[in-house]
Amino acid sequence: MTEILVLVDHVDGAVRKPTLELLTIARRLGQPSAVFLGAGVADATETLARFGAAKVYVVEAPELDKYLVAPKAEALAAVAAQASPAAILVTSHAEGKEIAARVAVKLGSGIITDAVDVDADGVASQSVFAGSFLVTSKVTHGAPVIAVKPNAAAPQESPAAAAVETVAVTFSEAATKAEITAVAPRAKSGRPELTEAAIVVSGGRGVGGAEGFGVLEALADALGAAVGASRAATDAGWYPHAFQVGQTGKTVSPQLYIANGISGAIQHRAGMQTSKTIVAVNKDAEAPIFELADYGVVGDLFNVVPQLTEEIGRRTS
Amino acid sequence: MKIVVLVKHVPDAASDRSFAADLTVDRAAVDGRLSELDEYAVEQALQLVEKAGEGEITFLTMGPEGAGEALRKALSMGGDAAVHVVDDALHGSDALATSLVLAKALGKLEWDLVVCGMSSTDAWMSVVPAMLSERLGVAGLTLASELTVDGGTVTIRRDGDDASTTVTAALPALVSVTDQTGEARYPSFKGIMAAKKKPVTTYTLADLGVDSGSVGLGGAWSAVDAAAKRPPRAAGVVVSDEGDGGVKLAEFLATGKFI
């Protein structure tokens, strides 16, 4: 059966949800094999088996953590050279897209990034021009390398063997030039990953300051949501840049997006307008965000949001 | 220190962008501009030369005739010279072909450092810097929020989701910079006048030794089947907060089974 390689996105063996989505999509194209780079495969195989990985190729080498991105691309290309897959799927985030780019050059394959869906014929859908167009395209040369955005599919279980196969890779001099000399981990918020969350509560200029995000965090915690911010809020230093939703930040596509004090400039809309349901709270009735909203409240977020949080608490207790 | 900054002329993101009949981005229908994210790359290169007290900056672009406008804009901000790869056969090139042509053009130039923006503001793929690093066989230090060069070493800070990482490499190297590196300067009147006198060299595919069959729409390794305007979202309900806005919102969320 046609083999499809899925690059596993994991943190020390804990498999991230977008990988399960990739395995689900890969089954439309053929039989998925997972490619696991780094340490911790023992913690990942049960999950990878449950979601349909027939094989798990493992590359474990110090170079993968010591140098930036390039060794991971070299390892994935080495597995591809051995497996001759019909397609390669990676998560479409910053590192995934870079790996895809390098692998496409190495293998002489066409590449598609930012796919929001891939069908059984390998036709990928993309949302472009700030979400105003939907484009479908297909790789026409080599084994397609496709970077798929989080939330492109609902993960479905389909038990498979997940037979582990270790692959030895010799890294080139070119791949070991950009050396990682320090890593400062970020403090964990304990909330879901922004791009993976089912619900996102976001704040913008109307939040007024860093302390204002407290009411949004309280709402997020009541809903089990992630917290996001517009560029106006992150540029002002009110919330960390890593949580920026928009063109130069994260693109999110949750079931529910609650925009608070966000006017809805194109730069922000591009990052959130494919959300299933959009709610907006804003003082300004003319704010363009209301054009996107399924439900909007014209009012002061500092009155509306705490009342909403309290009401959720009342209904769920 | 010799620096090449890659720049792209893109359709203005604030305009009504669309596709041409051949399903390539319609670059004629709307105004173009130097990609906003490339301005950060220009700024970082200018700052590196200012700090070092020496250095030469060349701007490089690939694109139709009108793309020269992006080079002029960059030159009005500073720098010394520009190179424009222009050839009708390039129309419709994919990222792989773009990186191939830019790599060939970089092969004709002298440089210690290549600086790129984090992404173009039309295609948003963010893959060309990685492809170029791969093709050139030099270190790729991507998505820098901060960039320094000390002697023959380049160091960046890359702010990821889980960690902030310091990455270092010996020159020659390629760096891509984010919009967190600091606002780009506006061209001065003097800068705009000076830009008119700075040399712009043009290269064709023949000059670079690139076969026209390996680029353009025909040489692309992916093909667009269709591009359709997304239907506007159905109009929703907007209420004014009369003191019960939060409760009403909770009712809406309960109807949608979110709570």
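Just so we're on the same page: letters track the sequence lines, and every chain starts at 1.
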- Note on the structure: Checking heavy-atom separations under 4.5 Å from chain A, one finds in residues 90-98 of chain B B:Leu96

- Message: Is A:Arg102 close to chain B through its backbone or its side chain, or both, or neither, when contacts mean heavy atoms under 4.5 Å?
- Response: both

- Item | Most contacts with chain A, counted as non-hydrogen pairs under 4.5 angstrom, among B:Ala227, B:Pro231, B:Gly256 | B:Ala227

- Query: So which of A:Arg314, A:Lys138, A:Glu311, A:Lys250 has the largest heavy-atom pair count under 4.5 angstrom toward chain B?
  - Reply: A:Lys138

- Message: I'd like to verify something: which residue of A:Asp235, A:Leu223, A:Ile278 has the highest number of heavy-atom pairs under 4.5 Å with chain B?
- Response: A:Ile278

Atom pairs and distances, donor-acceptor, side-chain atoms in residues 114-124 of chain B, under 3.5 Å, two or more places apart:
from     : atom 1 : to       : atom 2 : distance (Å)
B:Ser119 : OG     : B:Ser126 : OG     : 3.4
B:Ser120 : OG     : B:Asp122 : OD1    : 2.9
B:Ser120 : OG     : B:Ala123 : N      : 3.3
B:Ser120 : OG     : B:Trp124 : N      : 3.4
B:Asp122 : OD1    : B:Lys8   : NZ     : 3.0
B:Asp122 : OD2    : B:Lys8   : NZ     : 3.3
B:Asp122 : OD2    : B:Arg27  : NH1    : 3.0
B:Asp122 : OD2    : B:Arg27  : NH2    : 3.3
B:Trp124 : NE1    : B:Thr121 : O      : 3.2

- Query: Closest approach of A:Ile112 and B:Ser222, non-hydrogen atoms and distance?
  - Reply: CG1-CB, 4.4 Å

- Note on the structure: Nearest heavy-atom contact between B:Ala254 and A:Arg315 is CB-NH1, 3.4 Å

- Item | Residues B:Val25, A:Val128; criterion side-chain contact (heavy atoms from CB on, under 4.5 Å); working and verdict | CA-CA 11 Å; B:Val25 173; A:Val128 305; over 6 Å; no

- Of the listed B:Thr165, B:Asp16, B:Asp179, the one with the largest count of heavy-atom pairs under 4.5 Å with chain A is B:Asp179

- Verify the neighbour count for atom NZ of A:Lys283: are there more than 12 heavy atoms of other residues, nucleotides or ligands below 6.0 Å? no

- Query: Quick one: what part of B:Leu253 sits under 4.5 Å from any heavy atom of chain A, side chain, backbone, both or neither?
  - Reply: side chain

- Query: Is a side-chain donor or acceptor of A:Lys177 paired with a backbone partner of B:Pro172 at a separation under 3.5 angstrom?
  - Reply: no

- By a 4.5 Å heavy-atom criterion (distance strictly below it), what part of A:Ile266 contacts chain B: side chain, backbone, both, or neither? side chain

- Item | Region of B:Glu251 that comes under 4.5 Å of a non-hydrogen atom in chain A | both

- Could you grab the distance from atom CG of B:Asp241 to atom CG of A:Asp300, nearest 0.5 Å is fine? 8.0 Å

- Task: State whether the side chain of B:Arg230 and the backbone N or O of A:Ser127 hold a donor-acceptor pair below 3.5 Å, judged by distance alone.
- Result: no

- Message: Tell me if the NZ atom of B:Lys104 is crowded by more than 12 foreign heavy atoms within 6.0 Å.
- Response: no

- Task: Give the ring-plane orientation class for B:Trp221 versus A:His141, where under 30° counts as parallel, over 60° as perpendicular and anything between as tilted.
- Result: parallel

- Task: Identify which part of B:Leu37 has an atom lying under 4.5 Å from any heavy atom of chain A, answering side chain, backbone, both or neither.
- Result: side chain

- Query: Which pair of heavy atoms, one from B:Ala130 and one from A:Ala101, lies closest together, and at what distance?
  - Reply: CB-CB, 3.9 Å

- Note on the structure: Looking only at A:Ile199, A:Val279, A:Val305, most heavy-atom pairs under 4.5 Å shared with chain B are made by A:Val279

- B:Ala220 versus chain A, the contacting section by heavy-atom distance below 4.5 Å: backbone

- Task: Might you work through the side-chain contact (heavy atoms from CB on, under 4.5 Å) test for A:Phe133 and B:Arg17, ending with a clear yes or no?
- Result: CA-CA 9 Å; A:Phe133 274 82; B:Arg17 294 172 294 179; over 6 Å; no

- Scanning both residues in full, the closest heavy-atom pair of B:Glu36 with A:Arg231 reads OE2-NH1, 3.8 Å

- Message: So, taking the atom named OG1 in A:Thr136 and the one named CG in B:Leu23, what distance separates them when rounded to the nearest 0.5 Å?
- Response: 8.5 Å

- Task: Enter the distance from A:Thr277:OG1 to B:Phe252:CZ here, rounded to the nearest 0.5 Å.
- Result: 5.5 Å

- Best-contacting candidate, A:Ala130, A:Gly108, A:Ala293, against chain B by heavy atom pairs under 4.5 angstrom: A:Gly108

- Message: If I measure from the heavy atoms of chain B, does A:Glu193 come under 4.5 Å with its side chain, its backbone, both, or neither?
- Response: side chain

- Query: Between A:Leu256, A:Val183, A:Ile180, which shows the greatest number of heavy-atom pairs under 4.5 Å with chain B?
  - Reply: A:Leu256

- Can you sort out the partners of B:Ser99 under side chain to side chain donor-acceptor pair (under 3.5 Å), two or more places apart, ordered by chain and number? B:Arg135

- Please flag which part of B:Ser18 lies under 4.5 Å from any non-hydrogen atom of chain A: side chain, backbone, both or neither. both

- Task: Tell me, out of A:Asn303, A:Leu292, A:Asp114, who's got the most heavy-atom pairs with chain B below 4.5 Å.
- Result: A:Leu292

- Query: Using a heavy-atom distance cut-off of less than 4.5 Å, which residues of residues 150-164 of chain B contact chain A?
  - Reply: B:Arg158, B:Asp159, B:Gly160, B:Asp161, B:Asp162, B:Ala163, B:Ser164

- Item | Least distance between heavy atoms, B:Leu141 atom then A:Leu68 atom | CA-CD2, 4.1 Å

- Query: Under a 4.5 Å heavy-atom cut-off, does chain A meet the side chain of B:Leu143, its backbone, both or neither?
  - Reply: side chain

- Query: So, does A:Glu98 use its side chain to make a donor-acceptor pair with the main chain of B:Pro129 at under 3.5 Å?
  - Reply: no

- Query: Between B:Ile259, B:Leu100, B:Val224, B:Val237, which residue shows the highest count of heavy-atom pairs closer than 4.5 Å to chain A?
  - Reply: B:Val237

- Item | B:Asp225 backbone acceptor or donor facing A:Ser137 side chain under 3.5 Å | no

- Show the numbers, then the answer: is there a side-chain contact (heavy atoms from CB on, under 4.5 Å) between B:Gln180 and A:Thr248? CA-CA 10 Å; B:Gln180 299 300 297; A:Thr248 55; 5.9 Å; no

- Mind listing the closest non-hydrogen atom pair of A:Gln307 and B:Asp244 along with its distance? OE1-C, 3.3 Å

